Amino acid sequence: MQFFSAADLQAIWLTVKLASLVTILLLLVSTPIAWWLARSNSHWKGFVGAIVALPLVLPPSVLGFYLLLAMGPHGPIGAITQTVGLGTLAFTFPGLVVASVIYSLPFVVQPIHNAIEALGRRPLEVAATLRAGPWDTFFHVVLPLAKPGFITAAVLGFAHTVGEFGVVLMIGGNIPEVTRVISVQIYDHVEAMDYANAHALSATMILFAFVVLAVLYSFNKQAHQSAVWHGR
C-alpha cells in the first residue's frame with residue numbers, strides 16, 4: 001500500500017521547491033530591511049516597520065485578494081510583468097513565489113532585526129577602528145554574531161511558507177503540478193471526503209512542524225548557553 005498518492009508526492013515536491021526558493025529570496029530581501037530597521041533613526045522607521053508587519057495581522061484572504069488584483073492585467077505588478085513580456089503572474093508558480101515572499105516577510109525580518117539590534121554598536125565600532133570595510137564587517141562580524149537570528153529566520157520562513165493556505169489559494173488557485181501545494185492538496189482530499197489521504201498529509205505536516213520547532217528551540221537554547229559562556 002502506497003502511503004502517498006502520485007498527486008500527493010507532486011504537491012510535496014512543489015511545496016518544498018516553493019519554500020526553498022522563497023526562503024533564499026526572503027533572506028536576501030529581509031537582511032537590508034532588518035539592518036535599516038535596527039540601525040536607522042529615520043522618522044519613516046515606524047511606517048516601514050508597520051508595512052513589513054502587516055501580514056502578521058491581515059487575514060490571508062485579504063492579502064491574497066489585493067495581491068491578486070495587483071498581479072492582474074490591470075494591476076501595477078501585472079502592468080510591469082506584461083510590459084517586460086512575462087504576462088500576468090496570477091495562477092502561476094512565479095506568482096506564488098512573489099506572494100509567499102510578501103506574506104512570510106515579517107517572519108524573517110523580525111528575527112534578523114532582533115539579532116542585529118542585540119549586537120549593539122561596540123562590535124561595529126571595533127571593526128571600524130580596524131579599518132574593516134562594510135562587507136568585511138558584515139561577513140566577519142555581524143553574520144557570525146547574529147547567526148542564531150539568521151538561522152531562526154530561515155527556519156521560520158521555510159516552515160511558514162510550507163503551511164500557507166489562504167494566500168496560496170487566492171494567487172495560485174488549484175492547478176496540479178503548477179500551484180497545487182500540500183495545504184491545497186489536503187483541502188482537495190477533504191472536499192472529496194478522502195479522509196485517509198487527508199490524514200496522511202495532515203499528520204505529516206504536524207510531524208514536520210513539531211520537528212522544526214523542536215530543532216529550533218534546541219538550537220536557540222544551545223546558542224544562548226554559548227553566549228552566556230563567552231560573556232556576550
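Not measured: the values here are computed from a predicted model.
Every residue two or more places apart in sequence or in another chain that forms a side-chain contact (heavy atoms from CB on, under 4.5 Å) with Phe65 is listed here: Leu69, Met170. Checked against side-chain hydrogen bond (donor to acceptor under 3.5 Å, both in side chains), Asn174 has the following partners two or more places apart in sequence or in another chain: Arg180, Asp188. With sequence neighbours excluded, the residues that form a ring-ring contact (aromatic ring centres under 6.0 Å, His included) with Phe107 are His160. Residues meeting the side-chain contact (heavy atoms from CB on, under 4.5 Å) test with His189, sequence neighbours left out: Asp8, Gln185, Asp194, Asn197, Ala198, Leu201. In this structure, the side-chain contact (heavy atoms from CB on, under 4.5 Å) partners of Thr152, at least two apart in sequence or on a different chain, are Pro111, Leu156, Leu216, Asn220.
For Tyr187, the OH atom is loosely surrounded, since the number of other residues' heavy atoms within 6.0 Å does not exceed 12. In Phe208, the CZ atom is crowded: over 12 heavy atoms of neighbouring residues, nucleotides or ligands sit closer than 6.0 Å.
The shortest distance between side-chain heavy atoms of Leu14 and Phe93 falls below 4.5 Å. For the pair Pro60/Glu164, a side-chain contact is recorded, criterion being any heavy-atom separation below 4.5 Å from C-beta on. A 4.5 Å side-chain heavy-atom check between Gln82 and Leu86 finds every atom pair outside the cut-off. Between Val155 and Val215 the shortest side-chain heavy-atom distance does not fall below 4.5 Å. Here the side chains of Leu37 and Glu117 are not in contact, with every heavy-atom distance at 4.5 Å or above. By the 4.5 Å heavy-atom criterion applied to side chains, Val167 and Ile102 are not counted as neighbours. Looking only at side-chain heavy atoms (C-beta outward), Ser42 and Trp36 come within less than 4.5 Å of each other. The closest side-chain heavy-atom distance from Thr179 to Val184 is not below 4.5 Å.
Between atom CD of residue Gln10 and atom OG1 of residue Thr15 there is a gap of 11.5 Å, rounded to the nearest 0.5 Å. Here the straight-line distance linking atom CZ of Phe158 with atom CD1 of Ile24 works out to 10.0 Å at 0.5 Å rounding. Atom-to-atom distance recorded for Ile175:CD1 and Phe91:CZ is 7.0 Å, nearest 0.5 angstrom.
Under a hydrophobic clustering in which Ile, Leu, Val, Met, Phe, Trp and Tyr are joined whenever their side-chain heavy atoms come within less than 4.5 Å, directly or via other members, Met71 and Tyr66 fall into the same cluster. Cluster annotation: Leu28 and Val97 are assigned to distinct hydrophobic clusters (Ile/Leu/Val/Met/Phe/Trp/Tyr, side-chain heavy-atom contacts under 4.5 Å, transitive).
Within the structure, no pair that satisfies the salt bridge (Lys or Arg N to Asp or Glu O under 4.0 Å) test touches residues 127-147, not counting sequence neighbours.
Without hydrogens or angle criteria, Ser104 side chain to Val101 main chain gives no donor-acceptor distance under 3.5 Å.
Trp35 carries Arg39 over the face of its six-membered ring, with the cationic atom under 6.0 Å from the centre and within 45° of the normal.
The two residues Ala34 and Val109 make their nearest non-hydrogen contact at CB-O, 3.7 Å. The minimum heavy-atom distance between Thr23 and Ala19, with the atom names listed, is OG1-O, 2.6 Å.
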